[in-house]
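Comments concern the structure below.
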Amino acid sequence: MLLGIVVKAYSSYYYVQTGGKVTACSLRGRFKKERFSLLVGDEVAYSAAGPDKGVIEEIMPRRSLLRRPMVANVDQVVLTFAAVNPDIGTALVDRFLVLAEWSGLEAVLCVNKTDIADTSALAPLAELYRAVGYPVFMVSAKTGSGMEELRGRLYDRITVFAGPSGAGKSSLLNALQPGLSLVTGEVSRKIGRGKHTTRFAELLPLAGGGFVVDTPGFSLTEFATIGEPELPYYFPDIAAAAAGCKFSTCLHVKEPQCAVKQAVTEGRIARSRYDSYLEVLEEIRAAKKGF
Ligand SMILES: Nc1nc2c(ncn2[C@@H]2O[C@H](COP(=O)(O)OP(=O)(O)O)[C@@H](O)[C@H]2O)c(=O)[nH]1
Ligand SMILES: [Mg+2]
Ligand SMILES: [Zn+2]
């Protein structure tokens with residue numbers, strides 16, 4: 001039996017990669033009866049069934065599950081923003097970070113298009129997120145600047161690229177791995193709006209080891225399913241300060257003796273982070289009333 005990773009699922013075949021080789025595998029009948037949904041990213045054992053063909057005999061336990069897109073065993077997400085066009089802003093960054101934390105993914109920030117931006121003006125933003133604990137990469141898909149550092153972060157892991165449309169996710173992946181030929185720019189947006197966009201992603205192999213997944217982005221309307229009490233935990237800076245609040249149920253809004261508000265006043269938590277927290281909390285509350 002051979003071990004491999006499912007890199008693509010297409011019309012009842014699972015494409016399993018072992019080393020540099022991809023084998024088209026079918027699923028052993030008993031899995032179909034169990035209605036087991038095998039996903040891209042799953043590790044499997046398979047037996048050979050002819051040249052370039054195989055049968056999946058065993059499915060290994062999953063380390064993680066990302067629901068949109070459906071990918072198993074994702075290790076981290078690279079949240080990609082453009083320095084300009086569309087301009088990066090803390091409100092949007094914080095929303096993507098909440099979704100990453102909520103999905104249980106390690107998150108890193110990547111600021112692209114630094115070739116057409118004033119990088120010194122971006123330094124405070126990078127500093128802010130590094131202080132919260134997120135690695136920040138300043139890159140340009142166009143000039144290749146900063147790409148080696150980013151590449152180092154992708155080695156031997158499954159990484160999902162997410163972020164707003166137009167940030168340059170597909171361009172970055174094309175620059176990281178020549179030969180991928182992902183569609184970029186206006187054309188990709190037109191395709192993306194079509195109704196046949198797949199919910200199922202494909203793992204794209206990196207030559208040095210590891211896989212990347214290009215996504216059109218998380219849906220930003222999913223806050224409704226986050227509970228109010230858990231929200232502070234998705235802001236690591238807020239969660240760290242919350243230990244000092246008088247009430248263990250403190251949501252850091254109007255409660256007395258709130259260590260979070262104190263930390264904002266004293267500048268230990270960035271005002272923009274706290275504002276983002278209040279905004280998302282408000283949306284969670286509004287969504288609850290609405291439905
Ligand atoms: N100047 C500049 N433009 C870029 C860079 N990366 C991507 N772009 C442009 O930004 C647009 C959107 O890129 P795309 O990769 O499709 O973004 P995606 O929607 O995040 O996948 C395209 O017109 C790219 O040519 C970069 O590093 N510098
Ligand atoms: Mg794209
Ligand atoms: Zn508090």
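In each ligand, atom 1 is the first atom listed, and ligand 1 is the first ligand listed.
By the criterion of a heavy-atom distance under 4.0 Å, neither the backbone nor the side chain of V183 is placed next to ligand 1. Contacts of T184 with ligand 1, taken as heavy-atom pairs under 4.0 Å, involve both backbone and side chain.
Around the OH atom of Y13, the shell of radius 6.0 Å holds no more than 12 heavy atoms that belong to other residues, nucleotides or ligands.
The structure places CD1 of I116 at 12.5 Å from OG1 of T119, a figure rounded to the nearest 0.5 Å.
Ring geometry for F81 versus F96: interplanar angle over 60°, hence perpendicular rather than tilted (30 to 60°).
The closest non-hydrogen atom to atom 8 (N) of ligand 1, taken over M147, K113, K142, K169, comes from K113. Within the set S170, A175, G185, the minimum heavy-atom distance to atom 16 (O) of ligand 1 is found for G185.
For K8 and Y15, the positive end sits near the middle of the six-membered ring, less than 6.0 Å away and at most 45° from its axis.
Residue contact check: I116 has heavy atoms under 4.0 Å from atoms 1 (N) of ligand 1. For ligand 1 and D115, the ligand atoms under 4.0 Å from any heavy atom of the residue are 1 (N), 2 (C), 26 (C), 27 (O), 28 (N).
A salt bridge links E283 and R95; the closest N-O separation between the charged side-chain nitrogens and carboxylate oxygens is under 4.0 Å.
For the pair N112 and ligand 1, the shortest N or O to N or O distance falls below 3.5 Å. Here's the thing with A141: one of its N/O atoms is less than 3.5 angstrom from an N/O atom of ligand 1.
In this structure, the ring of F235 has its center no less than 6.0 angstrom from the ring center of Y274.
The shortest side-chain heavy-atom distance between F137 and L109 does not fall under the 4.5 Å cut-off.
Because the distance cut-off is set at 2.8 Å, S170 qualifies as a neighbour of the Mg ion (ligand 2) through one of its N, O or S atoms.
Between the ND1 atom of H252 and the SG atom of C250, the angle centred on the Zn ion (ligand 3) amounts to 100° when rounded to 10°.
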